[in-house]
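The structure appears below as structure tokens.
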Amino acid sequence: MRLRKTRTAAAMATATAALSVASAVSPLDIYDGPFTSQPREDDLLRAIHTCDHSVTCAGISLASNGTVESSTIIYEHSFVGPLATPKTHVSDKPYTFHRGKITAGNVIAADVTGLTLRDAKQYCTDHEDCVAFTYPLWSLTGINYLPNVTFVSTLDAFEPDELDGHRSYVSNDPVRTADTVDANVLPYDKEIAKKPYRACCKTTEVPTFAEVEAADTVMPRISCNISREEFFLKYEVPRKAVMLVGCDEEWPAKTEWTYDKLAPRFANESKWRARLGGKTESYDEIEWELLAESMLENKPFYVFDQLEHSEGKSVELDYIDPRPMLGGNLYAEMNSRDIMWAGPLRWFCIGKFGSGTKSHIDPFSSDAWNSLIKGHKWWIIYPEGVTDRETFCDGSCSNTDVLTREWYGSIGVNAARTEYPNDKYAYHVLQRPGETIYVPDGITHSVFNMDATIAVTRNYGSAANLDKVWEEVCTSGDDQKWKIMYNLVLNKEQRRRVRGSKYYPFHQNCKEIDVKGSNGDEGRKVTDKPKEEMDEKLWHPSFNPKVGDTVEARYKGEHNEWYKGRITKITKEGLYNVRYDDDDTDVGLKRISIRRYLPLTEGEIVQSKIIDKKGKDMWKLSAITKVNDDGTVDVKHFDGETFTSLPAGIFVQRFDWRYQKGNRVLAKWKDHGWFKAKVAKVNSDETYAVDFDDGDFRQSADKSDIKFAW
């Protein structure tokens with residue numbers, strides 16, 4: 001690698017003299033040095049894992065009298081070098097981060113430019129006498145590279161930097177650092193160990209367009225003509241961000257979305273979620289007249305609106321979901337029913353230079369795409385595993401309401417210069433008109449408008465992220481969400497997968513949660529109160545059925561289907577007589593076969609009756625797709641047929657979703673048809689062992705090979 005030295009030989013000599021050479025002297029006891037933490041109680045394996053995933057930890061030691069079996073006291077070190085004992089775990093990272101500046105040592109090379117942090121580590125590794133390097137952090141130029149790196153062969157003095165203006169890396173090689181690094185000058189700092197990087201967000205200076213463009217070297221770009229299947233397998237499954245080109249080629253938006261055309265398009269009094277003036281990150285409901293004026297008069301503003309109002313809905317006619325994502329939204333069914341957490345999760349984005357969004361992770365375990373029609377956006381994509389909180393401004397030295405521009409000028413500009421465990425880095429992307437960026441769930445990212453921009457974005461639930469999407473739906477506190485997704489959206493294998501999750505049985509494990517915004521400031525809070533599920537409501541002990549009450553009763557007291565009816569008599573023995581809505585009757589039912597009647601709900605699994613060609617009743621497994629105002633329901637059979645306006649109670653009945661031991665059923669026997677049987681056992685893999693009435697036995701019958709015996 002060619003190294004560009006920016007100083008003359010005389011200047012180099014001056015710099016070398018400034019870093020005075022001294023002989024490094026290290027303490028002999030690893031427990032007593034300033035590079036060692038105070039002893040603390042911790043699980044040994046957890047401490048090792050934490051150290052190996054921390055940029056500041058060089059190793060940990062058990063107490064001098066500790067043992068693996070009994071000790072819970074450990075020490076953490078910012079430097080180990082040759083001082084390790086048999087009770088020290090030395091991290092295998094080649095270098096350890098230190099916040100501050102090396103001020104004395106023997107200089108190998110000074111003011112070297114054109115190196116990434118990874119390059120600088122490699123340069124030091126390639127030079128056998130190199131033990132450390134140091135550099136100033138902030139620069140608006142060459143934002144992928146470290147400014148003015150100095151490499152040293154001895155480290156004799158170090159000056160901590162509270163404001164994180166200088167950074168240094170010290171070798172963990174015990175051979176290199178023996179007699180060359182004075183460990184006494186590398187103090188352990190508990191706060192730095194907890195949060196290595198500190199950002200005081202105040203400056204509004206940001207790199208030029210050319211600098212951002214030059215830094216865009218990592219993000220792959222592909223054609224939007226890629227099929228849904230290929231995109232899913234190559235990008236959604238591996239959770240890989242990518243830029244799609246040409247998704248807007250046939251969109252009316254490509255010609256209709258300009259400031260001149262949008263300004264007069266909407267009613268002046270219509271209100272939009274937006275910011276005005278460029279001095280706050282808070283959104284208000286702002287009249288379009290003021291926004292249009294800002295567009296045409298070059299005043300700062302930013303629109304980020306979900307298009308739920310009548311004026312905004314016309315925007316949806318100007319675009320469609322990009323082909324690679326089309327049909328892949330697990331949340332689409334809930335979107336169509338307006339029962340999402342916070343709207344339809346798609347936004348119209350219009351903004352001038354300096355507007356945008358600070359680092360965040362998108363809400364609701366959703367993937368996202370963002371199509372840019374006009375202008376340019378500067379994105380920063382962080383490596384997987386980096387939380388948005390790790391990239392927040394330091395509140396103790398930042399403005400109260402940090403602007404996106406201040407975040408970019410303080411943290412964003414240094415994103416690619418900052419290491420995250422282990423040897424992972426953020427990268428810069430310049431999005432151009434006609435490009436659509438895809439960002440998978442869980443990836444911290446930010447976006448900054450480099451000029452006047454117009455874009456549309458959508459968050460969606462990807463099947464590649466099913467486990468987290470299901471957790472989001474199941475713990476939403478809304479029965480409808482998981483019922484609709486389970487019964488109307490997921491395929492057979494996806495249903496099998498979620499049944500294998502910790503949220504099954506759903507009525508036992510779903511918890512109520514409070515989902516806060518999308519900026520990561522508050523996160524999600526899970527309450528301790530179990531979610532009150534339908535079965536609990538139906539069986540609630542406060543329900544004391546009386547004559548005349550409308551109830552659901554288990555037919556004949558032994559079948560696993562439930563019919564709507566009315567109690568006609570309660571005997572002195574406490575047994576119940578019931579007349580069903582179809583005028584059939586049951587007598588002598590026990591209390592366990594009577595439960596409260598609750599109206600049917602969308603997404604609920606039921607059985608619905610049809611009349612076959614021979615005039616016989618047939619009951620089919622179905623899901624309710626709509627509850628009508630007149631009390632009838634629309635259903636979708638599991639074989640795909642749909643029926644509308646079925647009377648509840650006569651043509652639709654509830655039943656227990658899982659068969660139980662002893663249930664009377666019809667079961668398939670090879671290819672010979674359906675025969676009367678009884679469930680002998682519920683197997684652990686959710687199949688069923690069945691005893692046929694003619695003496696045959698089937699060890700493992702899938703649910704699809706069993707149906708109710710009417």
Side-chain angles (χ1 to χ4, degrees), residues 479 483 507 532-612 614-635 637 643-666 676 678-679 693 706-710:
D479 291 352
K483 289 179 180 178
H507 71 278
E532 190 178 28
E533 261 292 350
M534 174 167 285
D535 283 352
E536 297 176 34
K537 292 178 182 177
L538 296 171
W539 286 100
H540 199 281
S542 64
F543 174 54
N544 297 309
K546 306 179 184 63
V547 173
D549 283 353
T550 298
V551 296
E552 282 187 331
R554 190 198 305 266
Y555 185 57
K556 300 301 182 185
E558 59 184 25
H559 295 276
N560 58 352
E561 66 262 23
W562 294 80
Y563 290 92
K564 180 184 175 187
R566 185 172 57 85
I567 295 175
T568 57
K569 181 180 179 180
I570 303 176
T571 69
K572 62 182 180 180
E573 293 84 9
L575 302 178
Y576 296 81
N577 295 352
V578 174
R579 179 175 295 278
Y580 297 105
D581 282 7
D582 63 357
D583 283 335
D584 200 355
T585 58
D586 250 336
V587 296
L589 296 178
K590 296 180 180 179
R591 173 65 181 85
I592 197 172
S593 294
I594 303 292
R595 67 185 188 188
R596 186 196 307 269
Y597 174 76
L598 292 178
L600 297 167
T601 59
E602 291 182 6
E604 190 175 346
I605 286 290
V606 295
Q607 291 183 111
S608 59
K609 183 170 69 174
I610 63 172
I611 310 299
D612 67 12
K614 297 181 179 179
K616 294 184 177 180
D617 292 351
M618 291 183 61
W619 290 89
K620 306 195 73 173
L621 194 62
S622 311
I624 296 175
T625 59
K626 183 181 180 183
V627 178
N628 301 309
D629 293 339
D630 61 1
T632 63
V633 297
D634 299 348
V635 301
H637 293 171
F643 292 86
T644 60
S645 301
L646 298 182
I650 299 178
F651 279 79
V652 179
Q653 65 181 29
R654 284 194 173 104
F655 72 111
D656 292 339
W657 174 231
R658 301 179 70 183
Y659 296 102
Q660 300 173 2
K661 182 178 179 180
N663 286 161
R664 297 294 303 173
V665 296
L666 294 176
K676 291 182 179 181
K678 182 173 69 173
V679 175
D693 288 1
I706 301 175
K707 58 185 180 182
F708 299 109
W710 312 116

Of all heavy-atom pairs between [X] and [Y], which one has the smallest distance, and what is that distance?
| X | Y | answer |
| --- | --- | --- |
| I610 | K620 | CD1-CD, 3.5 Å |
| L589 | A553 | CD1-CB, 3.9 Å |
| V635 | S622 | CB-CB, 4.1 Å |
| K569 | V547 | CA-CG2, 4.0 Å |
| G548 | R566 | O-CG, 3.5 Å |

Do L575 and K590 come close enough that some side-chain heavy atom pair is under 4.5 Å?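 Yes; the side chains approach each other to less than 4.5 Å.
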
Heavy-atom check, side chain of K556 versus side chain of S593, under 4.5 Å: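 Side-chain contact under 4.5 Å: no.
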
Could you list the residues that satisfy side-chain hydrogen bond (donor to acceptor under 3.5 Å, both in side chains) with N577, not counting sequence neighbours? none

Apply side-chain hydrogen bond (donor to acceptor under 3.5 Å, both in side chains) to D583 and list each qualifying residue two or more places apart in sequence or on a separate chain. none

Can you confirm whether K678 is buried at NZ, in the sense that more than 12 heavy atoms of other residues, nucleotides or ligands lie under 6.0 Å from that atom? no

Working to the nearest 0.5 Å, report the span between [atom1] of [X] and [atom2] of [Y].
| X | Y | atom1 | atom2 | answer |
| --- | --- | --- | --- | --- |
| R554 | R595 | CZ | CZ | 8.0 Å |
| N544 | I594 | CG | CD1 | 13.0 Å |
| I567 | Y576 | CD1 | OH | 6.0 Å |
| Y580 | T568 | OH | OG1 | 10.0 Å |
| E552 | Y597 | CD | OH | 6.5 Å |

Side-chain (D582) to main-chain (D584) donor-acceptor, under 3.5 angstrom: yes

Between T632 and D630 (side chain of the first, backbone of the second, donor and acceptor by atom type, cut-off under 3.5 Å), is there such a pair?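 Absent.
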
Verify whether one side chain among D581 and Y563 offers a donor that lies under 3.5 Å from an acceptor in the other.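 Distance-only check fails for D581 and Y563.
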
